[in-house]
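These numbers come from the heavy atoms of this one structure, side chains and all, not from hydrogens, waters or symmetry mates. One-based numbering, in listed order, for ligands and for the atoms of each. Numbering of residues begins at 1 and proceeds along the displayed sequence.
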Amino acid sequence: MKKFDDVLQSVEASCRERHIPMLGPEKAEFLKQVVQKVQPNVVIECGTAIGYSGLWIAQELQTIGTGKLITIEIDPARASEAQSNFTQAGVDHLVDSRIGDARNVLNDIDVAVDLLLLDNDFQNYFPCFQAIEPQLTNGATIVADNVGIGADSMKDYLDYTRARYKTELHWFEIDLPWVNRDAIEITIYQKPASV
Ligand SMILES: C[S@@+](CC[C@H](N)C(=O)[O-])C[C@H]1O[C@@H](n2cnc3c(N)ncnc32)[C@H](O)[C@@H]1O
């Protein structure tokens with residue numbers, strides 16, 4: 001795992017230096033535990049950046065021995081850098097990187113999704129959730145990042161999910177150059193009863 005750990009460290013350092021948003025180690029450790037618990041066949045991530053959280057997810061999928069990550073990034077330069085990081089870390093076979101606006105790209109996904117990570121622009125959490133909802137399995141887990149700092153901008157998403165599903169808010173003291181306290185909200189999705 002030396003190669004993987006070196007790449008992860010270098011991606012984290014690069015995000016800090018260049019102020020590229022990333023989960024950071026505190027929230028990433030929590031995300032890893034979520035992946036371990038869910039044991040997903042398919043994880044979708046909206047907002048790849050340069051692959052920091054994707055590396056954590058892929059590492060855990062490798063440990064579990066099953067599942068793949070589909071990650072979506074609107075900025076082609078960031079998506080290309082992420083792809084190179086996945087390759088260098090030796091996890092590219094577990095990752096399907098897609099470039100584009102997640103609100104559109106999600107419409108092309110026709111596989112069942114067990115775990116969804118919302119980590120793109122806050123106002124698009126709800127459109128992204130709506131776009132992928134038909135593919136979410138009953139009991140799928142949704143991880144929404146930045147619910148501390150971005151709650152106002154994602155109010156439509158939070159109001160909708162909190163009114164319908166079981167949700168849990170988790171606060172983190174974090175050590176990032178741009179923020180030191182933030183939250184992740186976990187939602188357990190339930191398919192509406194068929195009529
Ligand atoms: C917070 S960063 C993602 C951090 C990444 N998940 C990590 O922890 O390493 C948000 C990313 O979402 C991308 N983004 C913003 N709007 C998007 C959209 N509508 N579709 C896809 N990606 C988007 C941005 O370019 C940015 O790279």
Side-chain angles (χ1 to χ4, degrees), residues 4-5 7-35 40 43-61 69-89 91-92 94-109 113 115-133 141-151 153-154 156-157 170 172 174-186:
F4 180 93
D5 291 343
V7 175
L8 185 63
Q9 267 183 25
S10 129
V11 170
E12 183 178 333
S14 188
C15 285
R16 286 180 189 279
E17 203 178 296
R18 294 154 64 201
H19 280 223
I20 294 174
M22 63 162 165
L23 281 187
E26 301 87 356
K27 290 194 280 187
E29 188 62 49
F30 176 81
L31 175 64
K32 177 179 153 177
Q33 287 166 20
V34 172
V35 176
V43 184
I44 304 266
E45 174 181 51
C46 299
T48 316
I50 62 169
Y52 178 77
S53 51
L55 286 167
W56 279 83
I57 294 166
Q59 183 187 37
E60 196 50 34
L61 294 177
L69 167 66
I70 302 172
T71 183
I72 308 164
E73 172 56 50
I74 203 165
D75 176 338
R78 284 190 178 172
S80 159
E81 195 172 339
Q83 183 57 46
S84 155
N85 289 328
F86 295 137
T87 303
Q88 282 180 54
V91 294
D92 49 316
L94 299 170
V95 184
D96 173 356
S97 292
R98 303 202 186 174
I99 302 171
D101 187 324
R103 289 171 296 176
N104 302 326
V105 176
L106 288 168
N107 290 315
D108 296 332
I109 291 173
V113 174
L115 180 55
L116 171 67
L117 170 58
L118 296 169
D119 195 16
N120 52 329
D121 47 343
F122 307 153
Q123 69 275 19
N124 282 330
Y125 280 25
F126 194 44
C128 285
F129 165 76
Q130 289 176 306
I132 200 63
E133 185 183 357
T141 299
I142 306 169
V143 178
D145 188 28
N146 301 124
V147 176
I149 60 172
S153 309
M154 57 181 84
D156 48 2
Y157 167 80
H170 297 262
F172 297 84
I174 52 187
D175 176 23
L176 288 173
W178 51 87
V179 61
N180 53 26
R181 191 162 193 270
D182 196 6
I184 279 178
E185 185 149 298
I186 299 286

Discussion item. Can you tell me if C128 contacts ligand 1 (heavy atom of the residue under 4.0 Å from the ligand)?
Written reply: no

Discussion item. Which residue and atom name correspond to the protein heavy atom nearest atom 19 (N) of ligand 1, and how close is it?
Written reply: D101 OD1, 3.1 Å

Item to complete: Considering the heavy atoms of D121, write down every atom of ligand 1 situated less than 4.0 Å from one of them.
Response: 15 (C), 16 (N), 17 (C), 18 (C), 19 (N)

Discussion item. Looking at D75 and A77, would you say the former's side chain and the latter's main chain have a donor-acceptor pair under 3.5 Å?
Written reply: yes

Item to complete: List the closest protein heavy-atom neighbour of atom 26 (C) of ligand 1: residue, atom name, distance to the nearest 0.1 Å.
Response: R78 NH1, 3.3 Å

Worksheet item: Would one find an N or O of G47, backbone or side chain, under 3.5 Å from an N or O of ligand 1?
Response: yes

Worksheet item: For ligand 1, which part of M22 has a heavy atom less than 4.0 Å away: the side chain, the backbone, both, or neither?
Response: both

Worksheet item: If you count the atoms of ligand 1 from 1 in the order shown, which ones are under 4.0 Å from a heavy atom of Y52?
Response: 9 (O)

Response to the item:
Taking only non-hydrogen atoms of G100 and a 4.0 Å limit, the atoms of ligand 1 in range are 20 (N), 21 (C)

Discussion item. Between N124 and D121, is there a side-chain donor-acceptor contact under 3.5 Å, judged purely by atom types and distance?
Written reply: yes

Discussion item. I want to check something: taking the side chain as every heavy atom from C-beta on, are Q33 and V35 in contact at a cut-off of under 4.5 Å?
Written reply: no

Worksheet entry | Flag for Q83-S97: side-chain donor and acceptor within less than 3.5 Å | yes

Discussion item. Looking only at protein heavy atoms, which one is nearest to atom 8 (O) of ligand 1, and what is the separation?
Written reply: L23 N, 2.8 Å

Worksheet item: What is the nearest protein non-hydrogen atom to atom 24 (C) of ligand 1, stated with its residue, atom name and distance?
Response: E73 OE2, 3.4 Å

Worksheet item: Which protein non-hydrogen atom lies closest to atom 10 (C) of ligand 1, naming both residue and atom, and how far is it?
Response: D119 O, 3.1 Å

Worksheet item: Of all the heavy atoms in E45, does at least one lie under 4.0 Å from an atom in ligand 1?
Response: yes

Worksheet item: Judged by atom type as modelled, is there a donor-acceptor pair below 3.5 Å linking the side chain of T48 to the main-chain atoms of I72?
Response: yes

Discussion item. What I'd like to find out is whether the side chain of N120 reaches to under 4.5 Å of the side chain of R103, using heavy atoms alone.
Written reply: no

Worksheet, complete the sentence: Minimal heavy-atom distance between L118 and C128, with the atoms involved, is CD2-CB, 3.9 Å

Worksheet item: For atom 22 (N) of ligand 1, what is the nearest protein heavy atom, given as residue, atom name and distance?
Response: I74 N, 3.2 Å

Discussion item. With a 3.5 Å distance limit and no angle check, can you tell me whether Y52 reaches the backbone of P21 through a side-chain donor-acceptor pair?
Written reply: no

Discussion item. Could you tell me, atom by atom, which parts of ligand 1 come under 4.0 Å of a heavy atom of N124?
Written reply: 19 (N)

Worksheet item: Under 4.0 angstrom from ligand 1, any heavy atom of I20?
Response: no

Discussion item. Quick one, I149 and N146 - any side-chain contact, counting heavy atoms below 4.5 Å?
Written reply: yes

Worksheet item: Quick check: does any side chain N or O of N85 sit under 3.5 Å from a backbone N or O of V11, one acting as donor and the other as acceptor?
Response: no

Worksheet item: Hey, does A102 come in under 3.5 Å of ligand 1, counting only N/O atoms on both sides?
Response: yes

Worksheet entry | Beyond-backbone contact of L94 with Q59, side-chain heavy atoms, under 4.5 angstrom | no

Fill in: Nearest neighbour in protein (non-hydrogen) for atom 7 (C) of ligand 1
S53 OG, 3.0 Å

Discussion item. Heavy-atom pairs closer than 4.0 Å: do any link ligand 1 to the side chain of T48, the backbone, both, or neither?
Written reply: backbone

